[in-house]
Amino acid sequence: MTLRTLRIGNSSGFYGDRFDAMREMLTGGELDVLTGDYLAELTMLILGRDRLKDPGAGYARTFLRQLEECLGLAHERSVKIVTNAGGLNPAGLADAVRQLADRLGIPVRVAHVEGDDLKDRHPDSLAAHAYLGGFGIAECLKGGADVVVTGRVTDAALVTGPAAAHFGWRPTDHDRLAGAVVAGHVLECGTQATGGNYAFFDEGSHDVRRPGFPLAELHEDGSCVITKHPGSGGFVDVGTVTAQLLYETGGARYAGPDVTARLDTVRLTKDGPDRVRIEGVRGEAPPPTLKVGLNRLGGFRNEVVFVLTGLGIEAKAELVKGQLAEALGKVAEARWELVRTDRPDADTEETASALLRLVVRDPRQEAVGRVLSGAAIELALASYPGFHVLAPPGKGSPYGVFEDVYVPYGAVDHVAVLHDGRRIPVAPPQDTLVLEDLTEPPAPAPLPDGPVRRAPLGLLAGARSGDKGGNANVGVWVRTDEEWRWLAHTLTVDRFRELLPETRDLAVSRHVLPNLRALNFVVEGILGAGVAAQHRFDPQAKALGEWLRSRHLDIPEALL
């Protein structure tokens, strides 16, 4: 007998997302499972610092406050809740949920997943966690849990786990699991699938001021429909789903602990208003190792931004650099960046001004605190004309460093802890496959020669970018076959580097996804040691794609 469609919604894309989303998803329409994604590389560092102060902390406290309002609603509607809000302390959060349920008089069964914490093997780290798959979640649900709390699982595991439990999938059901991974990747960032952060937000009549959260109608064969509750804001179309599919991915093989999903096999079709069908996804056995995210404190950082106004901007910048050279010789790292926000003959002081940003780092807080603040402020009456800063430098703040390593599955004790205390070990996959890049598919036929016009790439192409450790990805897509014929031949790695000069000395790889009419570029090392290190102006590369869309190149007039 074919089991009914499983409706899985999302109510959080990060720690700090819209507080009311859980209630909106529980009251806005039918659901079977409600997920919440609270974890990111930076979040693990924040939770690690919290736990240094309080060993009972380490989880997303926002989730508890949301649940206080919504646990009764979920119970009344028989909606299961699955979340990674457990962070560094899933057992602690599970206990807190039980206490909350007892206080509210709501009979719910709470289970959790553990085994991801590998800090004992990496004592120099603040947090060290393996990315687990969804079968621990599946065991909890099969054991009767109403609420499942995890630590560091992959974002997509919040969907693969409930789907495997509901449909009875096995670890060797690679195509079905791959379909659930793709659905999970679309849902994981909440409103990014429903018009949030969308390149073409200003087209059409869609209201994206308060997008609703997405849900997936998942089927037994692994296919699904991405949609949202009726009447909620935003919109779902092939473009919004394509954008999210490209977010923080790399090549056509999207590897995870449950399965490697082949993004080059994804087919998207419109299935009605605010409905996009995803089908055809193929899967392969997962890699033989698990990714482990390591977060550690890298030292202390400080910054000051000097405002340079009017004439002689570059000469003023050189004067400040020279005046601070001796003091900066005492810190481990100092970086200057001159941002030319000034315009000639400007009619406001702000638009006549450029910004000179200085960032310092050192293992010692006093080196980036007193040294910088004293030396910089002493220049107030002794430097360039018009000297002032946006804000005086502070005492210096700690920054984090992220790196990933890989361990065999056997190095992790993946365990589902059921609501009655039983501990169910989760076996590693029997089939694995070493991850290798695919051969680039044949390019489409190029467009015939014709007149061109110099114009921004974004007139045709959408983009979405993000971070993975110290690397960034930029996914670029177009909406018609003719535009794809042009993009596939035009936006090479060399052209990408030309348009984004910041990437010229870095390793850049291009991955081709014809079914999505998309190219995915991975830029290695552009984010230094990860988002917590605050290496660049846009430390998570969120706007790297929009910078690319703003760059001008020759575009065939027939496409404009």
Side-chain angles (χ1 to χ4, degrees), residues 41-42 45-46 48-49 52-53 122-127 294-310 312-342 353-403 467 469-471 501-502 504-506 524-541:
E41 293 164 3
L42 180 59
L45 180 72
I46 293 170
R49 292 177 60 189
L52 285 178
K53 303 172 188 175
H122 301 276
D124 295 334
S125 65
L126 191 59
L294 303 180
N295 287 275
R296 60 180 174 83
L297 292 177
F300 296 84
R301 72 184 297 279
N302 207 347
E303 70 175 81
V304 60
V305 179
F306 300 89
V307 182
L308 315 176
T309 304
I313 295 294
E314 293 185 3
K316 290 171 180 173
E318 289 304 312
L319 175 57
V320 176
K321 291 180 183 180
Q323 289 177 311
L324 288 177
E326 181 179 353
L328 295 180
K330 300 173 185 177
V331 300
E333 179 187 353
R335 295 185 60 184
W336 291 96
E337 183 177 14
L338 177 60
V339 184
R340 296 302 300 264
T341 52
D342 57 304
S353 300
L355 302 177
L356 178 63
R357 182 171 179 246
L358 169 63
V359 177
V360 294
R361 291 185 176 86
D362 197 277
R364 304 158 298 153
Q365 186 173 18
E366 63 272 15
V368 302
R370 289 192 300 270
V371 169
L372 178 63
S373 60
I377 299 307
E378 286 171 3
L379 296 179
L381 304 178
S383 189
Y384 59 87
F387 179 98
H388 66 288
V389 297
L390 289 184
K395 294 185 292 186
S397 58
Y399 70 89
V401 172
F402 176 86
E403 63 177 312
D467 62 303
N471 301 339
E502 196 176 339
R504 281 179 179 166
D505 297 325
L506 300 173
E524 297 182 20
I526 192 170
L527 303 181
V531 54
Q534 298 285 306
H535 179 73
R536 66 189 295 271
F537 166 69
D538 174 16
Q540 290 181 280

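What you are looking at is a predicted structure, and each value in this text was computed from that prediction instead of being measured.
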Decide yes or no for [X] and [Y]: does some side-chain heavy atom of the first lie under 4.5 Å from some side-chain heavy atom of the second?
{"X": "V401", "Y": "N295", "value": "no"}
{"X": "F387", "Y": "V307", "value": "no"}
{"X": "V339", "Y": "V305", "value": "no"}
{"X": "V360", "Y": "L328", "value": "yes"}
{"X": "L355", "Y": "L308", "value": "no"}
{"X": "L294", "Y": "E403", "value": "yes"}

Heavy-atom pair with the smallest gap, counting every atom of [X] and [Y]:
{"X": "A391", "Y": "V304", "result": "O-CG2, 4.0 Å"}
{"X": "A376", "Y": "L324", "result": "N-CD2, 4.0 Å"}
{"X": "A334", "Y": "L358", "result": "CB-CD1, 4.3 Å"}
{"X": "P398", "Y": "L297", "result": "CB-CD2, 4.4 Å"}
{"X": "E303", "Y": "V359", "result": "CB-CG2, 4.0 Å"}
{"X": "L338", "Y": "A354", "result": "CD1-CB, 4.3 Å"}

Flag, side chain of [X] to backbone of [Y], donor-acceptor distance under 3.5 Å:
{"X": "N302", "Y": "G394", "value": "yes"}
{"X": "E333", "Y": "D362", "value": "no"}
{"X": "T341", "Y": "S353", "value": "yes"}
{"X": "E366", "Y": "K395", "value": "no"}
{"X": "Q365", "Y": "F300", "value": "no"}
{"X": "N471", "Y": "G525", "value": "yes"}
{"X": "S373", "Y": "G369", "value": "yes"}

To the nearest 0.5 Å, tell me how far [X] [atom1] sits from [Y] [atom2].
{"X": "Q323", "Y": "S383", "atom1": "CD", "atom2": "OG", "answer": "3.5 Å"}
{"X": "L52", "Y": "L126", "atom1": "CG", "atom2": "CG", "answer": "5.0 Å"}
{"X": "F402", "Y": "L527", "atom1": "CZ", "atom2": "CG", "answer": "12.0 Å"}
{"X": "I526", "Y": "D505", "atom1": "CD1", "atom2": "CG", "answer": "11.0 Å"}
{"X": "R357", "Y": "L390", "atom1": "CZ", "atom2": "CG", "answer": "11.0 Å"}
{"X": "T309", "Y": "Y384", "atom1": "OG1", "atom2": "OH", "answer": "7.0 Å"}

Problem set entry | Residue pair E314, R340: steps toward the salt bridge (charged side-chain N to carboxylate O under 4.0 Å, His left out) verdict | CA-CA 10 Å; E314 293 185 3; R340 296 302 300 264; 3.5 Å; yes

Problem set entry | Heavy atoms from other residues, nucleotides or ligands near CZ of R49 exceed 12 (cutoff 6.0 Å) |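 Open.
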
For this session: Before accepting this row, confirm whether a basic side-chain N of the pair E318/K316 lies closer than 4.0 Å to the acidic partner's carboxylate O.
Result: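 Not counted as a salt bridge, because no side-chain N and carboxylate O are separated by less than 4.0 Å.
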
For this session: Could you tell me whether R361 sits above the aromatic face of Y399, with NZ or CZ closer than 6.0 angstrom to the six-membered ring centre and within 45 degrees of the axis?
Result: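 Yes - R361 lies over the ring of Y399, closer than 6.0 Å to its centre and within 45° of its axis.
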
